[in-house]
Amino acid sequence: MDIRKELQKRILIIDGAMGTMIQRHKLEEKDYRGERFKNWHKDVKGNNDLLSITQPQIIEGIHKEYLEAGADIIETNTFSSTVIAQADYDMQEIAYELNVASAKCARNAADEYTRKNPSKPRFVAGAIGPLNKTLSLSPDVNNPGFRAVTFDEVVEAYYEQIKGLVDGGVDLLLIETIFDTLNAKAAIYSIKKYFRDTKQKELPVMISGTITDASGRTLSGQTLEAFYVSIMHAKPLSVGLNCALGAQEMRPHIEELSQIAGCYTSAYPNAGLPNAFGEYDEQPHETAHIIEEWAANGWLNIVGGCCGTTPDHIKHIADEVSKFAPRELPVTETELVD
């Protein structure tokens, strides 16, 4: 299955929020622990990635809900499956296993739906999150030069994650919710190094940054164009934006990205902005209505949802954008002329 062939035919749909769907199950500490981690010395509730090992049927079920809603691409439940992020729970040792288990949950669901309808192949994207430590920013306001982690440590953490995702059977690698481009560069380097070391064919890479406010910049201060220029050397399958903003606020940035990107574009916004209780109120038809205009303007190749979105949001988005052709890749000059 070649995702590029599908991207030429139509706008592809990526899934919605995993965390939002997990919250609906109202799981308790004991549910997260399962039998294997029953006596773990730290609380693990909130470690959603662990559920791929202790409650795989729940994770696979969520994937199937998104596939049923029309998703072409589902993301693995691995946003925090690195030794760095899992250190919060003293679970560094199972980081590789988390990635394999999560990839298998998604693979099982995707393959089932591809078998049901071979003319609509489903793809698994290995989700590589931004980490809870950053290479560009100091966590100590009194010492701007201090860093909580080194570039080599980040590369090593991502390398192990990538190995687990590939061994678990993903089709793509998705570096997502990037607020620090240096972390993303470490992920890109890890991907290139892994495929160079193993002499395997490199999987397509999707890259998705996050604009954190109306300034149009990432948290580490880059404009959207600067962000794109600093990762385009990776020759990604797609570049896009997700999280932080709702569709309404993300609109001007998606328009800009569609004009500067030499690759496919992606967008998966939140269901609006959170209310005072941290909940998302934007209804599926509202999100879809905003995104419909993006598709009509020819800005999109891949679209879905982030925080607060559900299978209902994805179904509405899929229905609306199916009426429109995908954004065409720009023709780029390959040589200098007089």
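Residue numbers run from 1 in the order of the sequence given.
Atom NZ of K323 has more than 12 neighbouring heavy atoms from other residues, nucleotides or ligands inside a 6.0 Å radius. Taking a 6.0 Å sphere around CD of E35, one finds it holds 12 or fewer heavy atoms contributed by other residues, nucleotides or ligands. More than 12 heavy atoms of other residues, nucleotides or ligands shown are found within 6.0 angstrom of NZ on K192. Within a 6.0 Å radius of CD in Q248, no more than 12 heavy atoms belonging to other residues, nucleotides or ligands are found. Other residues, nucleotides and ligands contribute more than 12 heavy atoms inside 6.0 Å of the CD atom of Q259.
Between Y32 and the choices T54, N48, D43, the side-chain hydrogen bond (donor to acceptor under 3.5 Å, both in side chains) rule is met once, by N48. The one candidate from Y158, Y189, Y159 that meets the ring-ring contact (aromatic ring centres under 6.0 Å, His included) condition with Y194 is Y159. Considering L174, L172, L173 in turn, L173 is the only one that fulfils the side chain to side chain contact (heavy atoms under 4.5 Å, CB included) rule with V170. Evaluated for a side-chain hydrogen bond (donor to acceptor under 3.5 Å, both in side chains) with D197, the options K199, Q200, K193 yield exactly one hit, K193.
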Inset, instruction - Go through the steps for S119 and N117 under the test side-chain hydrogen bond (donor to acceptor under 3.5 Å, both in side chains), then give the verdict. - result: CA-CA 5 Å; S119 67; N117 183 3; 2.6 Å; yes
Inset, instruction - Take E112 and N108 through the side-chain hydrogen bond (donor to acceptor under 3.5 Å, both in side chains) test and state the conclusion after the steps. - result: CA-CA 6 Å; E112 181 183 321; N108 290 343; over 6 Å; no
Legend entry - CA sep, side-chain torsions, deciding dist, call: L241, I211, side-chain contact (heavy atoms from CB on, under 4.5 Å): CA-CA 7 Å; L241 295 173; I211 300 292; 3.8 Å; yes
Inset, instruction - For D31 and K26, run salt bridge (charged side-chain N to carboxylate O under 4.0 Å, His left out): C-alpha distance rounded to whole Å, both residues' side-chain angles, the deciding distance at 0.1 Å, then the answer. - result: CA-CA 9 Å; D31 301 313; K26 297 190 166 32; over 6 Å; no
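Side-chain N or O atoms of T309 include one that pairs as donor or acceptor with a backbone N or O of A17 at under 3.5 Å. Looking at Q283, its side chain does come within 3.5 Å of a backbone N or O of D281 through a donor-acceptor pair. Checking side-chain atoms of T78 against main-chain N and O of A127 turns up a donor-acceptor pair under 3.5 Å. Here the side chain of D180 pairs a donor or acceptor atom with the backbone of L182 at under 3.5 angstrom. No side-chain donor-acceptor contact under 3.5 Å links N301 to the backbone of I11. Judged by distance alone, the side chain of D15 and the main-chain N or O of I62 form no donor-acceptor pair under 3.5 Å. In this structure a side-chain-to-backbone donor-acceptor pair under 3.5 Å is present from R33 to K38. A side-chain donor-acceptor contact under 3.5 Å links R122 to the backbone of L67. At least one donor-acceptor pair closer than 3.5 Å links the side chain of Y228 to the backbone N or O of G262. Between the side chain of H289 and the backbone N or O of E320 there is no donor-acceptor pair closer than 3.5 Å.
Distance CD1/I73 to CD1/I13: 9.0 Å, rounded to 0.5 Å. Between T287 atom OG1 and Y268 atom OH the span is 16.0 Å, to the nearest 0.5 Å. In this structure, L12 CG and I3 CD1 are separated by 5.5 Å, a value rounded to the nearest 0.5 Å. Note that the SG atom of C263 and the CE atom of M232 stand 8.5 Å from one another [nearest 0.5 Å]. The distance from the CD1 atom of I191 to the CG atom of L203 is 9.0 Å, given to the nearest 0.5 Å. Atoms CG and CD1, on L51 and I59 in that order, are 5.0 Å from each other to the nearest 0.5 Å.
Here the closest non-hydrogen pair linking S81 and L98 is OG-CB, 3.7 Å. Heavy-atom minimum distance, M21 versus P311: SD-CD, 3.4 Å. For P269 against G246, the heavy-atom pair with the smallest separation is CB-C, 3.9 Å. Across every non-hydrogen atom of I291 and G304, the tightest pair is CD1-O, 4.3 Å. Nearest heavy atom pair, residue A95 against residue E160, reads CB-OE1, 3.9 Å. The shortest heavy-atom contact between I254 and A267 is CD1-CB, 3.5 Å.
Side-chain contact of S52 with S102: a donor-acceptor pair under 3.5 Å is present, judged by distance alone. No donor-acceptor contact under 3.5 angstrom links the side chains of D49 and Q86, judged on distance only. For the residue pair T82/Q161, the side-chain donor-acceptor check at 3.5 Å is not satisfied. Between the side chains of D167 and Y96, a donor-acceptor pair is found at a separation under 3.5 Å.
Comment: E153 does not engage K133 in a salt bridge, judged by the lack of any side-chain N to carboxylate O separation of less than 4.0 angstrom. In this structure, E97 does not pair ionically with K104, as no charged nitrogen and carboxylate oxygen lie closer than 4.0 Å. Checked for salt-bridge contact, K315 and D319 meet the test: a charged N lies under 4.0 Å from a carboxylate O. At a threshold of 4.0 Å, the pair E68-K64 does not count as salt-bridged, since none of the basic side-chain nitrogens sits closer than that to a carboxylate oxygen. Under the 4.0 Å criterion applied to side-chain N and carboxylate O atoms, R107 and D171 are assigned as salt-bridge partners. Salt bridge status for K9 with E6: present, with a side-chain N to carboxylate O gap under 4.0 Å.
Both F151 and I84 are members of a single hydrophobic cluster when ILVMFWY side chains are connected at heavy-atom separations under 4.5 Å.
Residues R251 and W294 are in side-chain contact: their nearest non-hydrogen atoms beyond the backbone lie under 4.5 Å apart.
Judged by a 6.0 Å distance limit and a 45° cone about the ring axis, K116 is positioned over the six-membered ring of Y113.
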